[in-house]
2 protein chains.
Amino acid sequence: VDQQGRRRSLFLGSWIAGKKEVKKETKLGMAYKKDDNFGEWYSEVVVNSEMIEYYDISGCYILRPWAMEIWELLKEFFDAEIKKLKLKPYYFPLFVTENVLQKEKDHIEGFAPEVAWVTKSGKSDLEAPIAIRPTSETVMYPYFSKWIRSHRDLPLKCNQWCNVVRWEFSNPTPFIRSREFLWQEGHTVFATKEEADEEVLQILELYRRIYEEFLAVPVSKGRKSEMEKFAGGLYTTSVEAFIPNTGRGIQGATSHCLGQNFAKMFDITFENEKGERSMVWQNSWAYTTRSIGVMVMTHGDDKGLVLPPKVAPIQVIVIPVPFKDADTTGIKGACESAVYTLNQAGIRADLDARENYSPGWKYSQWEMKGVPLRIEIGPKDLANKQVRIVRRDNGTKVDIPSTDLVEQVRVLLDGFQANLLETAKAKRDACIVIISTWDEFIAALNDKKLILAPWCDEEEVEKDVKARTKGELGAAKTLCTPFDQPDLPSGTVCFASGKPAQKWSFWGRSY
Amino acid sequence: VDQQGRRRSLFLGSWIAGKKEVKKETKLGMAYKKDDNFGEWYSEVVVNSEMIEYYDISGCYILRPWAMEIWELLKEFFDAEIKKLKLKPYYFPLFVTENVLQKEKDHIEGFAPEVAWVTKSGKSDLEAPIAIRPTSETVMYPYFSKWIRSHRDLPLKCNQWCNVVRWEFSNPTPFIRSREFLWQEGHTVFATKEEADEEVLQILELYRRIYEEFLAVPVSKGRKSEMEKFAGGLYTTSVEAFIPNTGRGIQGATSHCLGQNFAKMFDITFENEKGERSMVWQNSWAYTTRSIGVMVMTHGDDKGLVLPPKVAPIQVIVIPVPFKDADTTGIKGACESAVYTLNQAGIRADLDARENYSPGWKYSQWEMKGVPLRIEIGPKDLANKQVRIVRRDNGTKVDIPSTDLVEQVRVLLDGFQANLLETAKAKRDACIVIISTWDEFIAALNDKKLILAPWCDEEEVEKDVKARTKGELGAAKTLCTPFDQPDLPSGTVCFASGKPAQKWSFWGRSY
């Protein structure tokens, strides 16, 4: 039984034990702690918070509303932003022929081992196997070649929201590494390299905003090494996050300049203003449902998920706390009124009026689901015309006059969002170690650090570092060369080769 | 070469001939007329209007922005409506194991011949073939069985927007019949049949609104015969449209009550208020990108597409008409100002300021693309502070003072939308023939009519009618039994069997 199978059975067990009668008595708890067993903790959080259900095909997962509503909020932001940049919606087929898929050699080498092939329909064999898109460069670009004739057809800006399939065999993990995932993929075509370069960074900035402004996950913008760049592209930029618990970097999203390589293979040319034929410049860029997993790993704690307010499907959960002999009707009315007032102000608030669960059980469940603020209204609150607000991130409680509700909730949500990012940034920054020698590098790697090292920028040296650090936990590699470069005094040498250093790069193990 | 191949080459030819230099001189025209060769006309419209690009896998099509923006507008409406009904967003995997797919026998019998199978990843054979979802009942319901324990877990209401694959071999047609298509699929679970029955009709009404309010396509709500109902379900309701040119009915969308059949197969039960185990009641319902094709067939004419304003990506195209010696700058300014004013009022207006095309060429192109209103601004209009507005549906022209622009455009767009539906309804109604005998039936069928016939409602009789009408154009079948039933005097007999008639049903050939 693989990781999925194990987790599924475990969840099935806890879930049968947790049915109604028992739930009333039991505290909804986590079996694993984040610092003790990160892998099991992560699986437990995504399942118990009802983001994910494990599926009976390994590496495929069911995204439940608690995940999909976050995905929809991210999509709403990003789609509006790219429409401002004149991106147009397209939908290209899921399928691609073997012949077209193999047109760009470096590209197919990168993806071939993970391509899923359809060979049959009904009981008949297909004439030739058909691939399921692992990404859509080869699906789209033959048609770009048809559509683009003149400089007036440029820029061409396509985006699609869709599923892609990469049949990976190593460590399937919900959101982070799955055989099918959801993403947007942007594919753009320009007359000049300058325009392509500019867009690469515009999109990268949107990806940074998704991570930092929405998911409250600090990321570094940078450029990938030649080894790590997109197969067939010219250069790759990315936003890179870091998971302190595992000491692993994680690629958050990538914005590639493809240069003219695909244009050559797919014959994408245009007639410029002077009447000459020129080759186009292309970009492609994508972010995926992985972003949700990075957020879970970054903010979650031993009580479960912690959601940044900007993406929380419910930002405020209101829970009536009716003690014996209390004015139950009055309390329920006050709760309904609070939810109504918050909803009217555009705040995503909901009421938990279920009568078969105790307030304490509800607190635990909504903590598990990571809702940023909990409002409790009991007899005392009713009498004092106040509500009690409890923060999910640090547990602080504050009593607020009902008249100040909207204003105070706004302040608290903003503070919560800012605090999550600051806390995550402080933790990430505490992991950054600047090294200059091989011994320091190995020590930092063993210590699960995010390593910033002076590097000669030679592919052979990166290969050598990979070979020398191979092991159970996986080899070290470059994560990115951050745009934000510290001083590099002349005479600085590469930590691995001793040759003159060209740049500072982030190194480490990665997801 | 299949239909796709032929069309693609033809398009490629016209498109090469149509490049810049030539375009200036050439009227952008349609080679086929709707009444002369409907099939070729349809292919030409969807390609030339830039909704569709034929793809190099038969039965797969590229949806371009002119189609996708319509799909997004429909989605925006429908998704908001079902969220009011408490539907939640889910995403279930694209893949399903053979074992699970085959659990409901009638269901799999209906879909098996069209299922695409993945058998390889990279160069390795999979241990067992994996199916691509043709629909997601069998993907979802094992998990419904896990999630539902108590009456408190009901209703469960899932919706997903996704792609599905049905590897059909007959007559692939853009939008109408394709091997991959986009849809939403709703899957809901209730404690009682009454709740399920009620929702079936709520959703059907939303589908009617998509067709009639948005796409301006008249549809009949009704119930499918036992032969035509969803494989494995209890009963199927649908909205049915009709294409006068081909005399074919076309299923617009379906809302199924699945009854308890899938619940039995997948063991979906709950503990009711009395502590007893009960079986759930289920619905599933879907509409697809086919709806766009039905709209094209209904409204298009020999100049190309005609778009209902509610779904037109551009509702008003503004075209400067600078005659010799005219105040070009003033005209351009007036055009920009008109677009700005309309956009500010929430009207989707755009400016065609291209300098390498003549106004006449632009008129033709935007007519081809079906934009409802064209605004022309020339020297005379500038002088008189007016604009000329031309309607796509009937070509009428009207001069409007610039000060009344927004108000008048609103009136015109509303009238346009209403007129499209009325015209289509009149055409459809003119095709309805009420018959009572077999001879009348055959005459009406040969005459491409939409036949309303008294029927005994026996499956054997429908099979018999199919057998007796087999031929090159396809057999006749029931389209639906409309909810809106004419009087059925006692003693009325079935047109086909002579047995007592139970109901009036629509019969005809269909897509």
Side-chain angles (χ1 to χ4, degrees), chain A residues 12 15-16 19-20 53 55-57 60-65 67-69 71-72 88-97 100 112-123 126 129-130 132 139-140 142-143 146-147 149-150 152 158 160 162-163 165 167 169 179-180 182 271 289 354 356, chain B residues 12 15-16 19-20 53 55-57 60-65 67-69 71-72 88-97 100 112-123 126 129-130 132 139-140 142-143 146-147 149-150 152 158 160 162-163 165 167 169 179-180 182 271 289 354 356:
Chain A
L12 192 61
W15 156 85
I16 287 172
K19 68 178 177 168
K20 190 191 81 184
E53 179 74 73
Y55 189 65
D56 72 344
I57 296 174
C60 294
Y61 305 95
I62 297 165
L63 303 187
R64 302 179 71 177
M68 282 305 290
E69 287 174 352
W71 186 240
E72 288 187 350
K88 289 284 186 182
Y90 282 75
Y91 187 77
F92 284 78
L94 177 69
F95 298 118
V96 55
T97 61
V100 173
E114 299 172 359
V115 169
W117 293 95
V118 176
T119 62
K120 287 177 67 176
S121 76
K123 295 190 169 178
L126 298 187
I130 290 178
I132 301 182
V139 175
M140 295 180 174
Y143 299 89
K146 278 183 70 174
W147 297 335
R149 315 310 295 176
S150 145
R152 294 195 182 83
C158 302
Q160 68 182 13
C162 65
N163 55 346
V165 171
W167 207 263
F169 286 93
R179 286 177 168 173
E180 181 194 7
L182 302 182
E271 193 180 279
T289 35
R354 292 176 293 177
N356 57 320
Chain B
L12 192 62
W15 157 84
I16 287 172
K19 67 177 180 170
K20 192 189 80 184
E53 178 74 73
Y55 189 65
D56 71 344
I57 296 174
C60 295
Y61 305 95
I62 297 165
L63 303 186
R64 302 179 71 176
M68 281 305 290
E69 287 174 352
W71 186 240
E72 287 186 352
K88 290 283 187 182
Y90 281 75
Y91 188 76
F92 284 78
L94 176 69
F95 298 118
V96 55
T97 62
V100 173
E114 299 172 359
V115 169
W117 294 94
V118 176
T119 62
K120 288 176 68 175
S121 75
K123 296 191 169 178
L126 298 188
I130 290 178
I132 300 182
V139 174
M140 295 181 174
Y143 299 89
K146 278 181 70 173
W147 295 336
R149 315 310 294 174
S150 147
R152 294 196 182 83
C158 302
Q160 68 182 12
C162 64
N163 55 345
V165 172
W167 206 263
F169 287 93
R179 286 177 168 173
E180 181 193 7
L182 302 183
E271 194 180 280
T289 34
R354 292 175 294 176
N356 57 319

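First the proteins, then the strands, lettered A, B, ... as listed; each starts at 1. Below, all heavy atoms of this structure are taken into account, side chains as well, without hydrogens, waters or symmetry copies.
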Can you check whether [X] reaches [Y] side chain to side chain, under 4.5 Å on heavy atoms?
X: K88(A); Y: R64(B); result: no
X: P89(A); Y: W71(B); result: no
X: Y90(A); Y: P65(B); result: yes

Item checked: Matching residue for Y55(B) among F92(A), Y143(A), Y91(A) - test: ring pair (Phe, Tyr, Trp, His ring centres under 6.0 Å) -> Y143(A)
Check: Distance from I130(A) atom CD1 to C60(B) atom SG, nearest 0.5 Å?
Finding: 7.0 Å
Margin query: To the closest 0.5 Å, what do you measure between SG (C162(B)) and CG (L182(A))?
Written below: 9.5 Å
Go through the atoms of [X] and report whether side chain, backbone, both or neither lie under 4.5 Å from a heavy atom of chain B.
X: V100(A); value: side chain
X: P113(A); value: backbone
X: A112(A); value: backbone
X: Q160(A); value: neither

Next item on the list: Would you check, one step at a time, whether the test side chain to side chain contact (heavy atoms under 4.5 Å, CB included) holds for E53(B) with W147(A)?
Entry: CA-CA 10 Å; E53(B) 178 74 73; W147(A) 297 335; 2.4 Å; yes
Notebook entry, point to check: Do you know which of S121(A), P93(A), A67(A) has the most heavy-atom pairs under 4.5 Å to chain B?
Noted result: P93(A)
Notebook entry, point to check: Which of the residues V118(A), T289(A), I132(A) is involved in the greatest number of heavy-atom pairs with chain B at under 4.5 angstrom?
Noted result: V118(A)
Notebook entry, point to check: Of all heavy-atom pairs between E180(A) and L94(B), which one has the smallest distance, and what is that distance?
Noted result: OE1-N, 2.8 Å
Notebook entry, point to check: Contact part of K123(B) toward chain A, heavy-atom cut-off under 4.5 Å: side chain, backbone, both or neither?
Noted result: neither
Margin query: As a quick check of understanding, evaluate side chain to side chain contact (heavy atoms under 4.5 Å, CB included) for L126(A) and W167(B), giving each step before the final call.
Written below: CA-CA 10 Å; L126(A) 298 187; W167(B) 206 263; 3.7 Å; yes
Notebook entry, point to check: Can you list the steps and then say if F95(B) with V165(A) is a side chain to side chain contact (heavy atoms under 4.5 Å, CB included)?
Noted result: CA-CA 10 Å; F95(B) 298 118; V165(A) 171; 3.8 Å; yes
Check: What option among N163(B), T97(B), V96(B), V139(B) has the most heavy-atom pairs under 4.5 Å with chain A?
Finding: N163(B)
